[in-house]
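Bear in mind the structure is a predicted one, so any value in this text is a computation, not a measurement. All chains are named by letter (A, B, ...) in the order of the sequence lines, taking the proteins before the strands, and each is independently numbered beginning at 1. What's counted below: heavy atoms across the whole structure, side chains too, no hydrogens, waters or symmetry copies.
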Amino acid sequence: MSFKDILSSGKFVVTAEVGPPKGTDIKEMIHHIELLKGKVDALNVTDNQSAVMRICSMAVCKICLEHGVEPILQMTCRDRNRIGLQSDLLGASILNIKNVLCMTGDHVLAGDHKQAKPVYDVESVQLLGVVNSLNNGKDMAGNDLKGSTDFFQGAVVTPEANPLEPQLIKFEKKVRAGARFFQTQAIYDINKFKDFMKYAKKFPVKILAGIVVLKSAGMANFINNNVPGIRVPQELIDELKAAGKEKALDTGLNIAARHIKQLKEENICDGVHIMAIGMEDKVPTIMERAGLL
Amino acid sequence: MIITKKRDFQELMENIKNYKSFFLIGCSECASLCGTGNQEAIDALTEALKAEGKEVEGGFVAKTGCQVLGTKTELKPFKEALDKTECILVMSCGAGTQAAVEIFEDKPVYATNDSLFLGNMTRFQFFDERCSLCGKCILDKTGGICPITACPKGILNGPCGGCKDGKCEVSPDIKCAWVRIYERMKKLDRLQDLCDNALEAKDWSSSIKPRTLVTRPDKKEEKKK
Ligand code: SF4
Ligand code: SF4
């Protein structure tokens, strides 16, 4: 069953993420893809994440398909103008890549080529519209396509953005522009997330809650001070501290599993998106502890 | 106005190392307000050049350095000094420099400033970029705040996920343009507008370079009428 069909079937969906490496040695990446095969419902492939130059998302999506894993092509607007984006979307379509996640993309100043010219000819809301249009047989300029695409398009949302209202206005614009599913920024406060879901349920879209494993209390504090739109509650930081250095990671895995379990059991959202960030091999453990395997 | 910044002196000296005698052209408009092309700036550069063993044959502050014909007329009284000059130094913006290039067909012309942006002066010699001269203004849709300029990504439907506590992803010194737009639209009671109308991708054909514009009515056409 395709990712789209699984989502509409009502099953609690799990997606994870693979970050293409910088360079042509893909042994480790393939190992991660193999490890997650048959366990997750789809794998996001990041697009030069954090504006750090790496293998392109499309090539790795193709490799996922070859290994029997359904990919979600992440597509940012930072590096390609509307011609490049549409051309890549057509290319992805003929490679049988069905899912695309439309994002604006981190600024080049966040990455390792700070001298680059940022493009942003269009942004996430507009890119969703472009995908919609290609699905309907027309390009952005209104020209007819010889064969249209059939993408299942998604977007991202930050439920704990501060201030929140501008973020929600944008969320609604994304829904109207054709987003069918959303993967959220990492969430740690389930009660707060429930409030967001109460609001989001009004819209005909599927929501996958973002899960990022906390490796230590230090990491949690770092997130709170530096990462926009994520808030780790003090109780979790205390829990990690109490576990001590040795057990911190294990506790972090437990927290992630516990959250996933609650999200599923209380039917809070449609699934989760686990961003392991360098700990892809831990995803099966989290899933096991959450009772998903 | 056009915001300019003095180039590094050593870099300038490297550029002009083959010339001995100079004539300096400032500008009374933007470059004067920036302190890069006023009389004081000319005097200071004259001193610095002399200290490096160069000769300065003369200099003056042009009324509007980017106006080719006007500047050419203003230069007439300086003919003698200009004849002795090997190299022209322009102390205004890139437009002023290229006006001089047009005027001095057979003399080398060098810019002493870097031209940065179209800016507002917020306090004396404090400058902010607020308009990127995109050619098709959308301020009427964004509460009068330009996202093309104020947002480092030029996002037309923001804010992006990088907005942290109202500050921009790119620098904590910048307030997120889309939070500013949101706050202003809220004050103007126009939030509904903002929600309902996603802005379309911009038509960049209105800013293809080089742009020209003629606003003077065509005399012959006028007579016919
Ligand atoms: S939209 Fe912005 S860049 Fe374009 S003309 Fe208006 S203020 Fe200038
Ligand atoms: S934080 Fe705001 S101003 Fe900065 S890039 Fe994102 S939308 Fe633009």
Enquirer: Flag yes if more than 12 heavy atoms outside A:Lys114 fall under 6.0 Å of its NZ atom; otherwise flag no.
Expert: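 Check passes, neighbour count above 12.
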Enquirer: In terms of heavy-atom proximity below 4.5 Å to chain B, should A:Arg82 be classed as side chain, backbone, both, or neither?
Expert: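 Contact with chain B: side chain only.
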Enquirer: Decide yes or no for A:Ile169 and B:Leu191: does some side-chain heavy atom of the first lie under 4.5 Å from some side-chain heavy atom of the second?
Expert: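 They are in contact (side-chain heavy atoms under 4.5 Å apart), so the answer is yes.
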Enquirer: For residues A:Asp106 and B:Lys153, report the shortest heavy-atom separation together with the two atoms involved.
Expert: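 For A:Asp106 versus B:Lys153, the nearest heavy atoms are CA-NZ, 4.0 Å.
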Enquirer: Ignoring hydrogens, what is the shortest heavy-atom contact between B:Leu194 and A:Lys173? Give both atom names and the distance.
Expert: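 Taking every non-hydrogen atom into account, O-CE, 3.1 Å.
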Enquirer: Count the heavy atoms belonging to other residues, nucleotides or ligands that lie under 6.0 Å from CD of B:Glu102, then report whether that count exceeds 12.
Expert: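 12 or below, so no.
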Enquirer: Keeping A:Lys170 on the side-chain end and B:Gly158 on the backbone end, is there a donor-acceptor pair under 3.5 Å?
Expert: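 Here the side-chain-to-backbone pair does not exist.
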Enquirer: I'd like to know which of A:Leu127, A:Asn226, A:Val108 tops the heavy-atom pair count under 4.5 Å against chain B.
Expert: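 The candidate making the most pairs under 4.5 Å is A:Asn226.
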Enquirer: Near B:Lys186 NZ, under 6.0 Å, is it more than 12 heavy atoms from other residues, nucleotides or ligands?
Expert: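 Atom NZ in B:Lys186 is not packed in, count stays at 12 or less.
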Enquirer: Would the distance check show the side chain of A:Gln126 and the main-chain N or O of B:Leu199 forming a donor-acceptor pair, the cut-off being under 3.5 Å?
Expert: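 At least one qualifying donor-acceptor pair exists.
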Enquirer: If we define contacts as heavy-atom pairs under 4.5 Å, which of A:Val156, A:Asp121, A:Thr158 has the most with chain B?
Expert: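 Looking at each option in turn, the highest pair count goes to A:Asp121.
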Enquirer: Less than 4.5 Å to any heavy atom of chain B: does that hold for the side chain of A:Val130, its backbone, both, or neither?
Expert: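 Interface part for A:Val130: neither.
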Enquirer: To the nearest 0.5 Å, tell me how far A:Ser124 OG sits from B:Asn157 CG.
Expert: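 The CG atom of B:Asn157 is 7.5 Å from OG of A:Ser124, to the nearest 0.5 Å.
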Enquirer: Which heavy atom in A:Leu109 sits nearest to a heavy atom in B:Val170, and how many Å separate them?
Expert: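 Smallest interatomic distance, heavy atoms only, reads CD1-CG1, 3.5 Å.
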Enquirer: So does B:Asp8 have more than 12 non-hydrogen atoms from other groups sitting under 6.0 Å from CG?
Expert: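 Atom CG in B:Asp8 is crowded, with more than 12 foreign heavy atoms closer than 6.0 Å.
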Enquirer: Determine the minimum heavy-atom distance between B:Gly166 and A:Pro163, stating which atoms define it.
Expert: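 Where B:Gly166 meets A:Pro163 most closely, the heavy atoms are N-CD, 3.8 Å.
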Enquirer: Using a 6.0 Å cut-off, check whether atom CZ of B:Arg211 has over 12 heavy atoms from anything other than its own residue.
Expert: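 Yes, the 6.0 Å shell around CZ holds more than 12 heavy atoms from other groups.
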Enquirer: Using every non-hydrogen atom in the two residues, find where B:Gly161 and A:Pro228 come nearest and quote the distance to one decimal.
Expert: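 Nearest pair, atom of B:Gly161 first, then A:Pro228: O-CB, 3.7 Å.
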Enquirer: Step through the shown structure and confirm whether more than 12 heavy atoms of other residues, nucleotides or ligands are within 6.0 Å of NZ on A:Lys194.
Expert: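 Counting other residues, nucleotides and ligands, NZ of A:Lys194 exceeds 12 neighbours.
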Enquirer: Take A:Gln167 and B:Trp178 through the side chain to side chain contact (heavy atoms under 4.5 Å, CB included) test and state the conclusion after the steps.
Expert: CA-CA 10 Å; A:Gln167 175 71 201; B:Trp178 275 96; over 6 Å; no
Enquirer: How about B:Lys164: does its NZ atom have over 12 heavy atoms from other parts shown lying under 6.0 Å from it?
Expert: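 It does: B:Lys164 NZ has more than 12 such atoms within range.
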Enquirer: Going from SG on B:Cys160 to OH on A:Tyr120, what distance comes out if it is rounded to the nearest 0.5 angstrom?
Expert: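 Those atoms lie 7.5 Å apart.
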Enquirer: For the candidates A:Met140, A:Lys174, A:Gln185, A:Arg176, which exhibits the highest count of non-hydrogen atom pairs separated by less than 4.5 Å from chain B?
Expert: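 Sorted descending by pairs with chain B, the first entry is A:Arg176.
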Enquirer: In Å, rounded to the nearest 0.5 Å, how long is the span from NZ of B:Lys202 to CD of A:Glu123?
Expert: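 So the gap between those two atoms works out to 12.5 Å.
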Enquirer: For the pair B:Glu169 (side chain) and A:His107 (backbone), establish whether a donor and an acceptor sit closer than 3.5 Å, ignoring hydrogens and angles.
Expert: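 Yes.
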Enquirer: Below 4.5 Å from any heavy atom of chain A, which atoms of B:Glu200 appear? Answer side chain, backbone, both or neither.
Expert: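 The answer is the backbone of B:Glu200.
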Enquirer: Check each atom of B:Lys167 against the heavy atoms of chain A and say whether the ones under 4.5 Å are side chain, backbone, both or neither.
Expert: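 Neither the backbone nor the side chain of B:Lys167 comes within 4.5 Å of chain A.
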Enquirer: How about B:Ile138: does its CD1 atom have over 12 heavy atoms from other parts shown lying under 6.0 Å from it?
Expert: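 For B:Ile138, atom CD1 is crowded (more than 12 foreign heavy atoms under 6.0 Å).
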Enquirer: Measure B:Ile181 against the heavy atoms of chain A and call it side chain, backbone, both or neither at under 4.5 Å.
Expert: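 When you check distances to chain A, no heavy atom of B:Ile181 falls under 4.5 Å.
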